[in-house]
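Have a look at the structure below before the remarks.
Count residues from 1 along the sequence. What you see below is based on every heavy atom in this structure, not just the backbone, and it leaves out hydrogens, waters and symmetry mates. From a predicted model like this one, the values you see are computed outputs, not experimental measurements.
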Amino acid sequence: MGAQANGQPEINDQGLILRPWRAEDADAVHRACQDPAIQRWTRVPSPYLLEHARYFVTQQSAAAWREGTGAPFAVIDPDTGDLLASCGLVTIDRVLDSAEVGYWTAPWARRRGVATRAIRAVSRWAFESLGLRRVVWQARVGNHASRLVALRAGFRVEGYLRMADDGGDGWVGALLPGDPMAPVLDESVVRRARLFNGPQPVLAAKGGLRLRPLEPRDLDALVDACRDPESVRWTTVPDPYERANAEDFALRIAPLKWVRGAGVVYAIADTDGAWVGSIDLNISAEDPFVGEVGYLAAPWARGRGYTPAALAALCDWGFKSLDLARIVWRAHVGNVASRRVAEKVGFAFEGTQRAALAQRGERRDAWVGGLVP
């Protein structure tokens with residue numbers, strides 16, 4: 001794999017050189033860590049000062065090697081000697097023979113597969129030289145770029161860690177010695193990672209409507225709509241519906257759905273920008289190419305064609321941007337208004353599912369329909 005220097009290895013693999021940090025790396029580390037993405041998604045100090053970089057390359061890294069608690073590497077371009085990334089084992093647990101990998105890529109070295117190649121090199125070294133039986137990857141939920149790198153390196157994303165750090169929930173995955181390190185990823189996985197790594201887009205709908213993220217100004221209207229008897233009858237909104245319910249839905253649940261890459265929630269806004277309904281598209285956990293829609297129209301906006309226009313725009317976006325193969329509509333049996341909206345957009349009625357939907361502690365039959373591109 002590479003030579004040893006002061007008990008610290010140098011890895012020459014994947015077209016990269018991974019070596020221990022040196023004092024002369026401080027300037028490049030300082031420059032790289034000014035990047036907003038590194039400061040947002042990693043635990044580096046912010047603002048990041050030159051003294052932080054000097055401490056990292058001369059003291060913190062050396063202590064990790066000396067004490068056996070970590071294995072931090074500088075990732076170097078073998079042709080130019082330039083610093084490309086930081087990659088290594090941020091923790092090593094000798095009781096469990098497990099370690100956690102951590103990494104960042106300098107802004108000037110991105111889109112070259114550096115992080116993926118570095119993780120493969122470090123993981124292979126960890127298995128072969130340290131005899132580890134598992135390398136763990138963790139990232140804050142929403143860091144789709146890191147998740148995509150881990151997937152490309154062969155890690156299996158296994159779930160969520162609630163309150164993983166001060167930043168909130170985390171994703172967790174692992175790589176074992178026998179796992180392939182070069183999985184074939186569908187292009188749609190890459191497209192989705194890039195999509196959900198950015199801000200939720202605003203969509204245009206027929207009649208001058210817009211689908212935009214929910215905002216605090218929508219809360220009063222949302223409360224009024226969810227207290228409407230028809231909304232209570234046909235949806236799963238809490239009854240009674242309080243302002244705290246609206247705040248939780250609009251300001252926590254909806255944004256988190258986008259951050260997780262699990263789907264999207266939109267406010268339907270009229271030509272004046274006012275909230276006239278909500279609509280969502282959820283990606284199936286069992287089949288990532290299937291989505292399911294749900295919608296709620298404000299009582300004062302019903303019968304104006306707002307919901308069909310919004311549903312058509314959202315489905316079109318789901319097929320084109322998420323590469324969905326099928327979108328499902330479901331409603332409680334008897335919800336004729338919802339069914340009419342779905343059928344106007346082109347959903348084909350497919351039948352009745354018995355006890356398919358839960359509503360306030362009871363199971364209810366559901367109508368189901370489907371739309372394909």
Side-chain angles (χ1 to χ4, degrees), residues 141-142 160 162-163 167-169 196 199-203 205 209-270 272-285 291-304 306-308 310-311 313-314 318 328-339 341-342 355-367:
V141 168
Y160 294 101
R162 292 187 297 163
M163 296 300 292
D169 296 346
F196 287 114
Q200 182 175 323
V202 174
L203 308 180
L209 300 177
R210 289 192 310 142
L211 306 187
R212 58 164 173 77
L214 288 157
E215 300 173 358
R217 61 172 166 156
D218 301 325
L219 294 178
D220 289 340
L222 183 59
V223 170
D224 289 343
C226 290
R227 288 177 176 174
D228 173 69
E230 287 298 292
S231 298
V232 174
R233 179 185 180 188
W234 297 118
T235 74
T236 58
V237 297
D239 183 27
Y241 195 87
E242 306 295 344
R243 185 176 176 84
N245 300 124
E247 291 174 348
D248 187 53
F249 173 71
L251 307 181
R252 185 186 68 85
I253 295 174
L256 186 58
K257 190 181 295 291
W258 178 264
V259 167
R260 285 183 169 179
V264 63
V265 179
Y266 276 115
I268 306 172
D270 65 15
D272 294 323
W275 183 92
V276 293
S278 293
I279 189 166
D280 58 77
L281 176 61
N282 300 292
I283 300 171
S284 169
E292 182 168 344
V293 291
Y295 39 86
L296 180 148
W300 55 90
R302 292 171 186 160
R304 299 185 182 183
Y306 290 168
T307 311
L311 180 59
L314 182 58
V328 176
W329 157 85
R330 293 194 299 172
H332 295 135
V333 169
N335 191 349
V336 176
S338 178
R339 179 170 172 174
V341 167
L357 296 176
Q359 185 188 46
R360 305 182 194 95
E362 297 181 357
R363 303 297 304 191
R364 296 184 59 180
D365 295 349
W367 282 333

Side chain proximity check, Arg360 to Val232, heavy atoms < 4.5 angstrom: yes
Criterion side chain to side chain contact (heavy atoms under 4.5 Å, CB included) on Asp220 and Arg243, from CA distance to verdict: CA-CA 8 Å; Asp220 289 340; Arg243 185 176 176 84; 2.5 Å; yes
Heavy-atom check, side chain of Leu219 versus side chain of Glu247, under 4.5 Å: yes
4.5 Å side-chain heavy-atom contact, Tyr295 and Trp329: yes
Sub-4.5 Å side-chain heavy-atom contact between Asn245 and Val237: no
Polar side-chain atom of Arg330 near backbone of Glu292 as donor-acceptor pair, under 3.5 Å: no
Considering all heavy atoms, the nearest Gln359-Arg233 contact: NE2-O, 3.1 Å
Spacing of CZ belonging to Arg227 relative to CD belonging to Glu242, to within rounding of 0.5 Å: 5.5 Å
Considering all heavy atoms, the nearest Tyr160-Arg260 contact: OH-CD, 3.5 Å
Spacing of Leu314 atom CG and Thr307 atom OG1 [to the nearest 0.5 Å]: 12.0 Å
Minimum heavy-atom distance Val223-Ala246, with the two atoms named: CG2-CB, 3.7 Å
Salt bridge Arg304-Asp270, side-chain N to carboxylate O under 4.0 Å: no
Sequence-distant partners of Gln200, side chain to side chain contact (heavy atoms under 4.5 Å, CB included), two or more places apart: Pro213, Trp258, Val264, Tyr266
Asp224 side chain near Trp300 side chain, heavy-atom distance below 4.5 Å: yes
Heavy-atom pair with the smallest gap, counting every atom of Phe196 and Gly263: CE2-O, 3.8 Å
Leu214 and Val265, any side-chain heavy atoms less than 4.5 Å apart: yes
Heavy-atom closest contact (Gly318 atom, Leu281 atom, distance): CA-CD2, 4.0 Å
Reported CD-to-CG distance for the pair Glu215 and Leu222, which is rounded to 0.5 angstrom: 13.0 Å
Derivation and outcome, side chain to side chain contact (heavy atoms under 4.5 Å, CB included), residues Thr236 and Arg364: CA-CA 11 Å; Thr236 58; Arg364 296 184 59 180; over 6 Å; no
pair Ile279-Val293: side-chain heavy atoms closer than 4.5 Å: no
Ala331 to Leu357 - nearest heavy-atom pair and separation: C-CD1, 4.0 Å
Nearest-0.5 Å distance that lies between atom CG in Leu256 and atom CG in Asp248: 10.0 Å
Which residues share a side chain to side chain contact (heavy atoms under 4.5 Å, CB included) with Asp228, sequence neighbours left out: Glu230, Ser231, Pro299, Arg302
